[in-house]
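Reviewing the structure listed below.
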Amino acid sequence: MVTGTAFIDGKYMPVGEAKISILDFGVIHADATYDVAHVINRRIYRPDWHLDRFFNSAKGLRLEIPHTKEEILEISKNCLKKSGFNDAFIWMGCTRGIPESGSPRDLASCKNKFFMYVKQYYGMLMNEVNTETDGMRLMISDIVRIPKEAINPKFKNFHWGDLTKSQFVALDNKVDSALTVDLNGNIEEGPGFNIFMVKGGVVRTPKEGMLEGITRRSTLEICKEEGIKTELTVITPKELFNDSDEVFITSTAGGITWVKSLYLNGEEKTFEYGPTTKKLSDIYWQKHSDPDWSMSID
Ligand SMILES: Cc1ncc(COP(=O)(O)O)c(C=O)c1O
């Protein structure tokens, strides 16, 4: 059972008691945005980047969040204190709401709704035990991610049909997860994470067509600080499979997670927990106690 604290309709409550109407367009039309930040040792990681992305996503989807960034930060801290968690996710969302007329075309009368919940933190791998030995088993699927021209993936959204499909493909193939591609067959992202390859000391990641993850942004920023060359580029499945020295994924859930096995068209390729991935991951976790990168909730 998921435990934690929620904030909805101006009230705090146990997460299991928080409810949203079945008339809300967020529920019936995926007309919503959301963001997920995390807390380690009672410090919120990059609240500034998360709140900027949340408000930018809302603007892009023509939603108005009925709170300021400062108010949301305050609500986050209250939820965290009430939950008693030291390490947690902060899930915040804004849905279109309910039209006064009941008409699906009456977007103008909808009062956009904000809610939040806090739950225990966990990593990307469901059965993760040891970061040094347990990497991810990742399949390169041919599932096409919704084209960026249709739904802008930079605005964090509820359109997860393609990503859910990729996760079912992963389940069917008994691997941890599966990557999606664009209409030209180039790599985009996975269900809840961005993808990176390291080749000859250069850290490469897809340039567009995916959510610009906060962990992806952190990784690129750390590379800059460390003088590691990066390339935002097009990556084909064959390139990722054949040319990578190291492969890792980035996500709020688990940070920088190394890929142990890649699968393409029934073939498997295995990797070590490589030096670049390890270095970036170590620095990423150190940033969680750096006051320039994280904020205490106390
Ligand atoms: C589609 C998608 N891509 C990438 C990510 C990784 O983003 P972040 O590093 O902000 O968690 C997420 C996170 O949920 C996501 O939903």
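The residues of the chain are indexed from 1 along the displayed sequence. Just so you know, ligand 1 is whichever comes first in the structure, and atom 1 is the first atom listed for that ligand.
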To the nearest 0.5 angstrom, please state how far the CZ atom of F196 sits from the CG atom of L220.
-> 4.5 Å
Sub-4.5 Å side-chain heavy-atom contact between T257 and F193 = no
Does a salt bridge link K69 with E74, judged by any charged N lying under 4.0 Å from a carboxylate O?
-> no
Centroid-centroid distance, F7 to Y117, less than 6.0 Å = no
Over 60° means perpendicular and under 30° means parallel, so classify the ring planes of W285 and Y121, tilted if in between.
-> perpendicular
Strictly under 6.0 Å, is that where the ring centroids of H38 and F89 end up?
-> no
Which bit of R53 gets closer than 4.0 Å to ligand 1, counting heavy atoms only: side chain, backbone, both or neither?
-> side chain
If you compare H159, H38, K156, E188 by their heavy atoms, the one closest to atom 13 (C) of ligand 1 turns out to be K156
Could you tell me which atoms of ligand 1, counted from 1 in the order shown, lie closer than 4.0 angstrom to a heavy atom of L163?
-> 1 (C)
What do you reckon, does E212 put a non-hydrogen atom under 4.0 Å from ligand 1?
-> no
Please could you name the atoms of ligand 1 that W160 approaches to less than 4.0 Å, counting only its heavy atoms?
-> 16 (O)
Answer with yes or no whether R217 contacts ligand 1, where contact means a heavy atom under 4.0 Å from a ligand atom.
-> no
Around atom 2 (C) of ligand 1, find the nearest protein heavy atom and jot down its residue, atom name and distance.
-> E189 OE1, 3.4 Å
Residue pairs passing the side chain to side chain donor-acceptor pair (under 3.5 Å) test with at least one member in residues 9-26, sequence neighbours excluded, are D9-K113, Y12-N78, D24-T95
Which atoms of ligand 1 are found less than 4.0 Å from any heavy atom of S251?
-> 9 (O), 11 (O)
Ligand-side contact atoms (ligand 1) for residue partner T252, heavy atom cut-off under 4.0 Å = 8 (P), 9 (O), 10 (O), 11 (O)
Which of the listed options, D35, I214, L211, holds the heavy atom that is closest to atom 10 (O) of ligand 1?
-> I214
closest protein heavy atom to atom 7 (O) of ligand 1 is G213 CA, 3.3 Å
Looking only at protein heavy atoms, what sits closest to atom 9 (O) of ligand 1 is T215 OG1, 2.6 Å
Looking only at non-hydrogen atoms, the one of G190, G192, P153 nearest atom 5 (C) of ligand 1 is G192
Can you list the residues that meet the salt bridge (Lys or Arg N to Asp or Glu O under 4.0 Å) rule with K154, with sequence neighbours excluded?
-> E212
Does N194 come within less than 4.0 angstrom of ligand 1, counting non-hydrogen atoms of the residue?
-> yes
Is there a donor-acceptor pair closer than 3.5 Å between any side-chain N or O of S109 and the backbone N or O of E100?
-> yes
